[in-house]
J.: 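Could you have a look at this structure, given as structure tokens, before my questions?
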Amino acid sequence: MAAAGAHSEHSTILVLDYGSQYTQLIARRVREIGMYSVLIPGDASMDRIKSTNPKVIILSGGPNSVHVEGSPRVPADFFDYCAEKSIPVLGICYGMQMITQLLGGEVKAAHHGGEYGRMPMDLADNSRLFSYLSKKTVNVWMSHGDEAVKLPEGFSAVAKSHQGAIVAIENPTRKIYGFQFHPEVMHTEGGMDMIKHFLTDISGVAADWTMGQVLEEQLRKIAELVGPEDHAICALSGGVDSTVAATLVHKVLGERLHCVFVDNGLLRYKEQERVMDTFSNHLHLPVTCVDHSQVMLDRLRGLTDPEAKRKAIGAEFIEVFKNYRDELERTIGKRPKFLVQGTLYPDVIESCPPPGSDQKHSHTIKSHHNVGGLPKDLQFTLIEPFRELFKDEVRQVGRLLGVPEQFIKRHPFPGPGLAVRVLGDVTDTNKLDTLREVDEIFINTIREYGLYDEIWQAFAVFLPIRSVGVQGDQRSHAHVVALRAVTSSDGMTADWYSFTPAFLRDVSNRICNKVRSVNRVVYDITSKPPGTIEWE
């Protein structure tokens, strides 16, 4: 099990996920206001909802239609529970439509075909939702094909679009509110203020969530979880998450924490020596390097399915930690019981899709090697201090712990390493070496242009195709690589980075001139969603 969650000590804003591409943004916006948010699938049972002890519940948007049979919805006794506990409810987009439909109103397909993108809405007088605003028209971000045509008894329409659609509703007596638009996206004018007004002024929730408090709570919880003579192993990847986790746990356990860095054969160019140097000379963490590369590559030989690769990597990682634990037991005479991992909240969310997406827990968006990729017979108790945090929050904790800034700003690197950046069998020919060379040139060029800190994540992908080209006045039939660079605040949504044509020309020329097995470079201009950041 993971270290106890932080929600027990803070007011919890519960977000029920119905599949909107913006749902994770809702949770992030709540955190930015200084409140603890937790996100669970919209088809969660009433018992699970109650277990979070929510102060406020937000129902997210989603792609479904509430008037269609089988569409996802809250449990039958949801609104009775909220009334009994006096819990304010806010529905966003699909969430507002669900409130309308379930409480006796009516939702239909929009007669004008729906509303999409940035649009103006007109505000009614004397509403609770917009009482702090003096203006009467606000531009908001719409994305809906259905609309409320009849409101439940006791509800008022407090905003309408210029096409006449009801886009905000409220029933202050029942503490139930709704936005048809998306206040969580930056395209909505004053969207953060709308969310903050609802949470603080209408719902009366205090902002009591800071990273300083989280740090102190996790230090205390780890001390309570791990006995005074117990030992732990920390799986270090060289990334920010596991490194900050190790630094935090080391603060509590000291020499009883044993860090291990696994060279799984899927690392970037000279990654092992660079990471080990950082651990030793900058972070002063005691780290053992285990070379498991040949065993890992043998395990991956012939595997082409992304899920199969992730699960195989997760299983091999655990085998390494078990062997390391047995070795430690022989050396120190004590068997380590705990395994520390840098699992983040997005890892957990992406391994557990929302209802109505035709994806259930056995058909995930992708298994993360430290979540869905773990074997069922895990013989460690997990310590995951950041399981409830987003990446930028972990970086804040790292700064509080004194982790060097150049390490804090390091781009994320996936746990499965280059296995998810080589499409298909990673062991075929020299794909990994080619990718390492290309990736090194790409990252070095980004640094040279002074762009590294503007980008959330940048990397190269080895594509399973060859292209005809001309190199050295001769016809070539060589490999194609894709370059990917995105901007993001938390990795849950991302936009592709807009390099200048001069940069793209330069980096393409460098790659094709220096890596002879590559004769074509393409740039990925897909946002998340619809794509993920990684290709697999």
Side-chain angles (χ1 to χ4, degrees), residues 1-10 12 27 31 36-40 52 209 211 213-227 230-253 256-262 285 310 313-315 317-318 320-322 325 336-352 364 366-398 400-401 403 412-416 490-492:
M1 59 182 289
H7 65 264
S8 59
E9 302 190 11
H10 298 275
T12 297
R31 299 274 184 100
Y36 176 68
S37 61
V38 61
L39 191 155
I40 64 176
T52 66
W209 171 260
M211 288 307 100
Q213 291 172 324
V214 171
L215 173 58
E216 293 305 316
E217 288 166 11
Q218 288 302 322
L219 290 171
R220 176 175 53 76
K221 288 174 181 176
I222 292 165
E224 291 172 355
L225 181 67
V226 183
D230 288 334
H231 289 245
I233 294 172
C234 182
L236 280 175
S237 67
V240 175
D241 312 325
S242 62
T243 301
V244 176
T247 305
L248 186 153
V249 177
H250 187 257
K251 205 170 172 62
V252 179
L253 302 187
R256 293 184 291 131
L257 176 68
H258 308 274
C259 297
V260 56
F261 174 73
V262 181
L285 287 172
R310 285 177 177 272
I313 291 166
F317 267 121
I318 293 300
V320 171
F321 303 140
K322 285 179 182 177
R325 176 193 60 193
K337 297 179 182 178
F338 298 91
L339 176 63
V340 181
Q341 291 196 143
T343 308
L344 299 187
Y345 200 27
D347 300 338
V348 178
I349 293 170
E350 289 189 341
S351 293
C352 186
T364 56
K366 61 180 180 179
S367 292
H368 288 262
H369 79 287
N370 53 353
V371 183
L374 291 175
K376 294 179 180 178
D377 62 340
L378 184 68
Q379 296 176 19
F380 290 100
T381 297
L382 288 178
I383 298 176
E384 297 174 305
F386 305 142
R387 189 180 175 88
E388 297 173 334
L389 301 187
F390 291 92
K391 172 78 75 174
D392 59 317
E393 292 174 323
V394 172
R395 285 180 165 139
Q396 291 179 48
V397 172
L400 292 173
L401 288 167
V403 176
F413 185 63
D490 49 37
M492 300 305 297

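Here, residue 1 is the first one in the sequence, and each next residue gets the next number.
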J.: How about Thr343 and Arg387: does a side-chain donor come under 3.5 Å of a side-chain acceptor?
T.: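 Result is no, nothing qualifies.
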J.: Between Leu215 and Leu248, is a side-chain contact (heavy atoms from CB on, under 4.5 Å) present by the stated rule, with each step listed?
T.: CA-CA 8 Å; Leu215 173 58; Leu248 186 153; 3.7 Å; yes
J.: Nearest heavy-atom pair of Ala27 and Phe390: which atoms, and what distance?
T.: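 For Ala27 versus Phe390, the nearest heavy atoms are CB-CZ, 4.2 Å.
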J.: Taking only residues two or more places apart in sequence or in another chain, which ones pass side chain to side chain contact (heavy atoms under 4.5 Å, CB included) with His250?
T.: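 For His250, the residues satisfying side chain to side chain contact (heavy atoms under 4.5 Å, CB included) (neighbours in sequence not counted) are Leu257, Leu285, Pro286.
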J.: Which heavy atom of Pro385 sits nearest to which heavy atom of Ile222, and what is that distance?
T.: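 Closest approach of Pro385 to Ile222, heavy atoms only: CB-CD1, 4.5 Å.
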J.: Any luck finding a side-chain donor-acceptor pair between Thr52 and Thr12 under 3.5 Å?
T.: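 Short answer, no.
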J.: Closest heavy-atom contact between Gly238 and Ser242?
T.: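 Where Gly238 meets Ser242 most closely, the heavy atoms are N-OG, 3.9 Å.
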J.: For Ala232 and Leu253, which heavy atoms make the closest approach, and how far apart are they?
T.: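 So the two residues come closest at CB-CD1, 3.7 Å.
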J.: Taking all heavy atoms of Gly342 and all of Ala245, pick out the closest pair and write down the distance.
T.: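 Nearest pair, atom of Gly342 first, then Ala245: CA-CB, 4.3 Å.
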J.: Can you find a pair of side-chain heavy atoms, one from Phe338 and one from Val249, that are under 4.5 Å apart?
T.: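 They are not in contact (no side-chain heavy atoms under 4.5 Å apart), so the answer is no.
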J.: Find out whether Val214 and Glu393 are in side-chain contact, i.e. whether some heavy atom of one side chain is under 4.5 Å from a heavy atom of the other.
T.: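 No. Closest side-chain heavy atoms not under 4.5 Å.
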J.: Salt bridge check, Arg256 against Asp230: does any charged N sit closer than 4.0 Å to a carboxylate O?
T.: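 Answer for the salt bridge query: no.
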J.: Can you tell me if Tyr345 uses its side chain to pair, donor with acceptor, with the backbone of Leu39 under 3.5 Å?
T.: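 Yes, the answer is positive, given that a donor and an acceptor are paired below the 3.5 Å cut-off.
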J.: Check whether any side-chain heavy atom of Leu339 sits under 4.5 Å from a side-chain heavy atom of Ile318, and report yes or no.
T.: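 Yes, side chains in contact.
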J.: Going by heavy atoms in the side chains, are Val260 and Leu236 under 4.5 Å from each other?
T.: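 Result no, sub-4.5 Å side-chain heavy-atom pair not found.
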J.: Mind telling me whether Trp209 and Tyr36 have parallel, tilted or perpendicular rings, with 30° and 60° as the class edges?
T.: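 The rings of Tyr36 and Trp209 sit tilted, inter-plane angle from 30° to 60°.
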J.: Give a yes or no answer on whether the side chain of Arg325 reaches the backbone of Lys337 with a donor-acceptor pair at less than 3.5 Å.
T.: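 Side chain of Arg325 to backbone of Lys337: no pair is present.
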J.: Taking it one step at a time, do Gln218 and Phe386 satisfy side-chain contact (heavy atoms from CB on, under 4.5 Å)?
T.: CA-CA 9 Å; Gln218 288 302 322; Phe386 305 142; 5.7 Å; no
J.: How far apart are the closest heavy atoms of Phe261 and Ser237, and which atoms are they?
T.: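 For Phe261 and Ser237, the tightest heavy-atom pair comes out as CE1-O, 3.3 Å.
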J.: Below 4.5 Å, heavy atoms only, C-beta onward: do Lys251 and Leu219 meet side chain to side chain?
T.: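 Yes, their side chains come closer than 4.5 Å.
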J.: Apply side-chain contact (heavy atoms from CB on, under 4.5 Å) to residues Gln341 and Ile383 and explain how you reach the verdict.
T.: CA-CA 6 Å; Gln341 291 196 143; Ile383 298 176; over 6 Å; no
J.: Using side-chain heavy atoms (C-beta onward) and a distance below 4.5 Å, is Glu388 in contact with Val38?
T.: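 Not in contact.
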J.: For the pair Arg220 and Glu224, find out whether any cationic side-chain nitrogen is under 4.0 Å from an anionic carboxylate oxygen.
T.: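 Glu224 and Arg220: salt-bridged.
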J.: When rounded to the nearest 0.5 angstrom, what distance separates CE in Met211 from CD in Glu217?
T.: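 Result: 9.0 Å between the selected atoms.
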